[in-house]
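Accompanying notes for the structure given below.
Throughout, numbering of the chain's residues begins at 1 and tracks the sequence.
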Amino acid sequence: MISSLVLSAIASASGIAAQNNAPTANGCNDGFFPGTDTVIFTIPYTYAQVMSIIGDYQNLTWSGSPDDGSVTLNGTTNTVETARTYEIAGAHVVETITVYSKPENGPYEEIHTLDLLTVPSANVSFSADYDGTTVTSTCDGKASIFNFTANFCATNASVAEAVLHMIHLTDAQTVGAFLGGQNFTTCEAITSSNSTTNSSSTPPVETGNTASGVLVSLSSVVLAAGLLALIGM
């Protein structure tokens, strides 16, 4: 089931759909409207620690995969043009790799397309020609930045954006939970024992698009079935 807070967020997004679904030429098929969503989220764990949680393209445990783990491939894992297929929360998900890179010292990059799917509980259908995840090291190697970006066409762009934002935020939070559940505040607050290599300026704690108002706590999302991982990376 979906938490009441998630349902409330979806309802709010539906309420502003009319202004975001203006019927103009947009590159999408008739009845679909363009949208994009970006989630940038930092966790206080090293790139190596994050990669130890993120498996191969078929293993979606790190993001809240289907309960039975039934993700099928039509080719070789981690290979461009291989598609993975799974069913969750009433949605039939097909994602095809366009870019996959997981070097030892980073950055991690995985980009796929998303075939048209329907999320019955949110009354929305959407597809994406770009659904990408990158992970880069920061804070002298003591932390990692996730960047989830999706460009999509949807029957309701506002609701699709809210759904994707919640899913991608939960992906990053779930990795952090597997590694100990610590929250990122500043680079200085992270113990030096986590330090590896690479550095950058202090990263953001969390940023996103206008759908950021639908963010929910890790516990409420992880415990809620349904939207937890319709689209895992």
Any residue meeting side-chain contact (heavy atoms from CB on, under 4.5 Å) with V80, in chain and number order, not counting sequence neighbours: I97
Donor-acceptor pair, distance only, cut-off 3.5 Å: does the side chain of K102 make one with the backbone of G55? yes
Quick one, Y47 and V135 - any side-chain contact, counting heavy atoms below 4.5 Å? yes
Tell me the closest heavy-atom pair linking P120 and A91, and the distance in Å. CD-N, 4.5 Å
Do N123 and V159 come close enough that some side-chain heavy atom pair is under 4.5 Å? no
Do any N or O atoms from the side chain of T149 and from the backbone of G132 form a donor-acceptor pair under 3.5 angstrom? no
Look up atom CG in L114 and atom SG in C153, then write down how far apart they are to the nearest 0.5 Å. 11.0 Å
Under 4.5 Å between side-chain heavy atoms, hopping through other hydrophobics if needed: is there a path connecting Y100 to I53? yes
If you compare all heavy atoms of S52 against all heavy atoms of L179, which two are closest, and at what distance to 0.1 Å? OG-CD2, 4.4 Å
First locate atom SG of C139, then atom CD1 of I145, and finally report the distance between them rounded to the nearest 0.5 Å. 7.0 Å
For residues Y86 and E95, determine if any side-chain heavy atom of one lies less than 4.5 Å from a side-chain heavy atom of the other. yes
Does some side-chain heavy atom of F126 sit less than 4.5 Å from a side-chain heavy atom of C28? no
Taking all non-hydrogen atoms of both residues into account, name the closest pair between E161 and D37 and its distance. CG-OD1, 3.6 Å
Looking only at heavy atoms, what is the nearest atom pair of T174 and W62, with distance? CG2-O, 3.2 Å
Return the set of residues passing side-chain contact (heavy atoms from CB on, under 4.5 Å) with D115 (not counting sequence neighbours), or none when no residue passes. V94
Does one hydrophobic cluster hold both Y45 and V39, with members joined at side-chain heavy-atom distances below 4.5 Å? yes
Pairwise distance CG(L117) to CZ(F152) - rounded to 0.5 angstrom: 11.5 Å
side-chain contact (heavy atoms from CB on, under 4.5 Å) partners of T77, counting only residues at least two apart: D56, Y57, Q58, L73
According to side chain to side chain donor-acceptor pair (under 3.5 Å), who are the partners of S125, at least two apart in sequence or on a separate chain? T118
Point-to-point distance, once rounded to the nearest 0.5 Å, from CG of L169 to CG of L164: 12.5 Å
Taking ring-ring contact (aromatic ring centres under 6.0 Å, His included) as the test, write out the residues that go with F146, two or more places apart. F148
How about H168 and T133: do any of their side-chain heavy atoms sit closer than 4.5 Å? no
Can you list the residues that meet the side chain to side chain donor-acceptor pair (under 3.5 Å) rule with N151, with sequence neighbours excluded? T36
Roughly how far, to the nearest 0.5 Å, is the CD1 atom of I54 from the OG atom of S144? 9.0 Å
So which heavy atom on T38 is nearest to which on H165, and how close? O-CE1, 3.7 Å
Taking every non-hydrogen atom, the tightest pair across R84 and H112: NH2-CE1, 3.6 Å
Which value, rounded to the nearest 0.5 Å, describes the distance between Q173 atom CD and M166 atom CE? 12.0 Å
So do V50 and Y108 actually touch side chain to side chain, heavy atoms under 4.5 Å? no
Indicate yes or no: at least one non-hydrogen side-chain atom of I190 is less than 4.5 angstrom from one of P44. yes
Taking it one step at a time, do T96 and T82 satisfy side chain to side chain contact (heavy atoms under 4.5 Å, CB included)? CA-CA 6 Å; T96 303; T82 292; over 6 Å; no
